[in-house]
Amino acid sequence: MPKASQPDNVAEPVAAKAEKKTAAAKVPVVNIPNSVGIRQLADFMGVDSIQVIKQLMRSGIMANINQVIDYETAAAIAGSFGYQAKLKPLKEQRLATASEESKKLKKRYIKESIDLQPRPPVVTVMGHVNHGKTKLLDAIRQTNVVDSEAGGITQHIGAYQVTIDSHKITFLDTPGHEAFTAMRAHGANITDVTILVVAADDGVMPQTIEAINHAKAAEVPIVVAINKIDRENANPDLVKQQLTEAGLVIEEYGGNTVCVEISAKEKIGIPELLESLLLVAEMEELKASPNQPAAGVVIEAEIDKTRGPLATVLVQTGTLKLGDTIVVGNTWGRVRAMFNDTGKRIKKAEPSTPVVILGLNEVPHAGDTLTSVVDEQHAQAMLVKQREEAKRSASLTADSVNLDNLYDQISAGKVKELNVVLKTDVQGSIEPIRHSLEQLATDEVQVRIIHSGTGNITESDVMLAAASNGLIIGFNVSAGEGARQVSSNQRVDIRYYDVIYTLTDDVAKALKGMLEPKYIEVIDGKAEVRAVFPAGKGAKAAGVYVTDGKITRNATVRVYRGKEVLVESTVSSLKRFKDDAKEVAAGYECGVGIKDFNDFAVGDMLEFYKMEKSS
């Protein structure tokens with residue numbers, strides 16, 4: 001069969017394609033990965049890093065030479081220098097990196113299994129305000145920390161290491177259990193033992209009970225220090241009884257909680273307390289491998305006017321050394337200097353050692369993890385990975401337990417315990433509710449009250465629920481603005497009730513997957529009536545000025561006259577001048593008609609809202 005002849009016009013597009021290919025070849029191509037450092041991008045293009053920074057500034061991006069930018073930004077900058085950007089194929093690079101990291105991890109785990117050595121315990125001091133937490137550390141360290149604190153109250157987290165009979169102990173002096181739990185909520189479990197300080201003349205207070213519950217939720221052993229026994233009105237026996245009532249039974253009463261009577265002021269009982277700490281730590285069999293790349297957590301961080309970003313870090317495993325390249329949270333750097341808790345320069349920091357480091361590009365956040373890496377390239381690769389994981393984490397809104405998704409998480413095997421923070425208006429309501437909730441336990445899931453108390457819901461309650469992947473139930477109480485903000489950021493479910501039966505019924509339904517979804521009201525916009533005019537056939541419309549948000553057609557609306565709600569209805573018409581409008585934003589005037597309502601008056605306020613399903 002003869003070949004079909006080709007039409008004459010085939011040559012033209014072929015020539016055109018060749019011409020285009022030749023033209024395209026004249027434009028230099030630069031391969032850029034998903035994320036790239038500014039210095040690295042400059043090297044790719046063979047230009048000065050300063051020129052790249054200037055171009056970024058022209059685009060409204062303030063950056064330094066070590067900053068990492070995404071591919072889209074880098075491609076735009078490359079274009080301004082006459083380069084055509086192409087996304088660098090990372091498959092081979094990832095395979096090589098993965099192989100290298102796999103080998104490193106394998107070596108690390110093998111070494112760790114044969115190179116584990118005892119490490120100092122990390123001890124957190126908690127308790128009610130003014131019960132003597134910092135004074136106790138002062139007695140241990142033989143320094144006068146209290147006088148440097150405003151009003152004698154701890155203003156920040158301090159980390160100190162002391163040596164007792166050749167044994168080291170690391171102490172964390174926190175402003176309270178909130179900071180302790182906030183770190184735990186970020187995944188930083190840094191404490192091995194908790195010292196609970198209780199004043200012998202004041203006894204167990206609400207913050208004492210909160211501290212107990214926060215330590216229990218973290219499954220950290222507690223050593224009780226009954227302080228101020230030197231005072232005339234001291235009553236240690238009463239304190240021990242109160243501790244028992246709070247669920248902390250000391251050894252003297254047949255429990256397993258170590259209790260030591262002390263006076264931080266007179267330095268009475270301090271050796272016995274330290275001996276007890278070392279004994280508890282020995283029972284915990286605390287070990288780590290010092291011969292590894294360092295890993296740790298940020299205790300606190302700040303910007304120093306002369307030295308730049310400073311971070312107090314607790315090294316948890318491995319050894320941190322001068323010159324190490326480290327990734328800390330969303331930043332990185334090289335350790336240019338290290339200082340111990342006395343301000344002395346040191347060259348290395350082993351497990352359980354607190355150290356202040358200098359050399360990071362930006363100030364990290366408390367609770368951020370520190371990881372030592374091989375070089376800058378590995379640091380940037382790790383930052384990219386962490387950011388991708390953060391995006392994935394942010395998109396998984398169902399990760400936090402709430403009554404709406406509880407059954408799904410139980411069915412998926414993600415939840416074995418429903419952790420509840422219970423707050424009520426009066427003490428008498430706690431036990432009936434606790435009993436009712438605990439009776440709802442099934443073979444698949446236990447209901448556990450991790451903290452209960454009276455009064456409104458606080459930020460501390462929210463952080464405890466967040467750290468324990470739990471929820472909050474309020475009975476005849478509300479949450480403060482700060483607590484609501486934190487609950488929104490941490491995605492902690494808060495439920496409010498005023499009838500015990502309704503409360504227990506909702507939880508029971510949630511456990512069985514039968515709870516109706518909860519809806520919350522979202523305010524879209526507000527407007528003020530500035531004129532009233534006829535709208536035909538006896539109807540009236542309001543000329544309004546949108547003061548906040550926006551108005552949309554068919555939106556639900558309330559009409560306020562003062563504090564009184566005149567009507568709740570829907571928007572029947574929305575006009576800008578004489579034209580229909582779909583929505584009108586803040587700062588503009590418009591005409592609004594409301595279904596079955598004509599009684600507008602100048603000065604009325606309109607509130608537009610919608611009901612959304614709670615996540």
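These numbers come from the heavy atoms of this one structure, side chains and all, not from hydrogens, waters or symmetry mates.
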Between atom [atom1] of [X] and atom [atom2] of [Y], what is the distance when rounded to the nearest 0.5 Å?
| X | Y | atom1 | atom2 | value |
| --- | --- | --- | --- | --- |
| H451 | H214 | NE2 | NE2 | 6.0 Å |
| H435 | I430 | NE2 | CD1 | 15.5 Å |
| I212 | L243 | CD1 | CG | 5.5 Å |
| R561 | D604 | CZ | CG | 4.0 Å |
| K540 | F600 | NZ | CZ | 10.0 Å |
| I449 | N419 | CD1 | CG | 9.0 Å |

Grab the two heavy atoms, one from [X] and one from [Y], that are nearest each other, plus how far apart they are.
| X | Y | value |
| --- | --- | --- |
| S436 | T504 | CB-CG2, 3.4 Å |
| A527 | I551 | CB-CD1, 4.0 Å |
| L248 | T257 | CD1-OG1, 3.7 Å |
| A159 | T312 | CB-CG2, 4.4 Å |
| I303 | P309 | CD1-N, 3.5 Å |
| C590 | V584 | CB-CG2, 3.9 Å |

Non-neighbouring partners of R484 that pass side chain to side chain donor-acceptor pair (under 3.5 Å), sequence neighbours left out: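 Here the qualifying residues are E481.
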Please name the residue in the list I494, I473, I457 that meets the side-chain contact (heavy atoms from CB on, under 4.5 Å) test with K423.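 Between K423 and the candidates, side-chain contact (heavy atoms from CB on, under 4.5 Å) is satisfied uniquely by I457.
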Hey, which of V592, T556, L606, T552 is the one that makes side-chain contact (heavy atoms from CB on, under 4.5 Å) with V571?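 That would be V592.
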Given side chains that start at C-beta, do those of [X] and [Y] come closer than 4.5 Å, heavy atoms only?
| X | Y | answer |
| --- | --- | --- |
| E568 | F597 | no |
| V420 | L471 | yes |
| L196 | V198 | yes |
| L310 | V363 | no |
| Y71 | L87 | yes |
| T424 | I433 | yes |
| L503 | L437 | yes |
| I472 | V462 | yes |

Using the rule given for side-chain contact (heavy atoms from CB on, under 4.5 Å), can you reason through E607 versus Y560, listing the C-alpha separation, both sets of side-chain angles and the distance that settles it, and then say yes or no? CA-CA 8 Å; E607 184 178 68; Y560 284 92; 3.4 Å; yes
Any salt bridge between D579 and K575, counting N to O under 4.0 Å?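 Between K575 and D579 there is no salt bridge, as every charged N stays at least 4.0 Å from the carboxylate O atoms.
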Going by an N to O cut-off under 4.0 Å, is there a salt bridge joining E431 and R434?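 Looking at E431 and R434, the cut-off is met.
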Between the main-chain N or O of [Y] and the side-chain N or O of [X], is there a donor-acceptor pair closer than 3.5 Å?
| X | Y | value |
| --- | --- | --- |
| S80 | I77 | yes |
| D368 | H365 | yes |
| N361 | W332 | yes |
| S468 | G470 | no |
| K216 | G247 | yes |
| Q242 | V204 | yes |
| N213 | E210 | no |
| R576 | E589 | yes |
| K550 | G525 | no |
| D425 | V477 | no |

V297 and V313: side-chain contact (heavy atoms from CB on, under 4.5 Å), yes or no, with the steps? CA-CA 6 Å; V297 64; V313 173; over 6 Å; no
Between [X] and [Y], do the side chains contain an N or O donor and an N or O acceptor separated by less than 3.5 Å?
| X | Y | answer |
| --- | --- | --- |
| D506 | Y497 | yes |
| D461 | T458 | yes |
| D202 | H128 | no |
| T191 | T124 | yes |

side-chain contact (heavy atoms from CB on, under 4.5 Å) between N554 and T570: does it pass, once the steps are laid out? CA-CA 6 Å; N554 301 321; T570 56; 5.9 Å; no
Y588 atom OH, neighbour heavy-atom count above 12 within 6.0 Å: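 12 or below, so no.
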Counting heavy atoms not belonging to F577, are there more than 12 under 6.0 Å from its CZ?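 At most 12 heavy atoms, drawn from other residues, nucleotides or ligands, come within 6.0 Å of this atom.
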Audit row: K133, H131, side-chain contact (heavy atoms from CB on, under 4.5 Å) steps and yes/no: CA-CA 6 Å; K133 299 189 298 291; H131 274 202; 5.6 Å; no
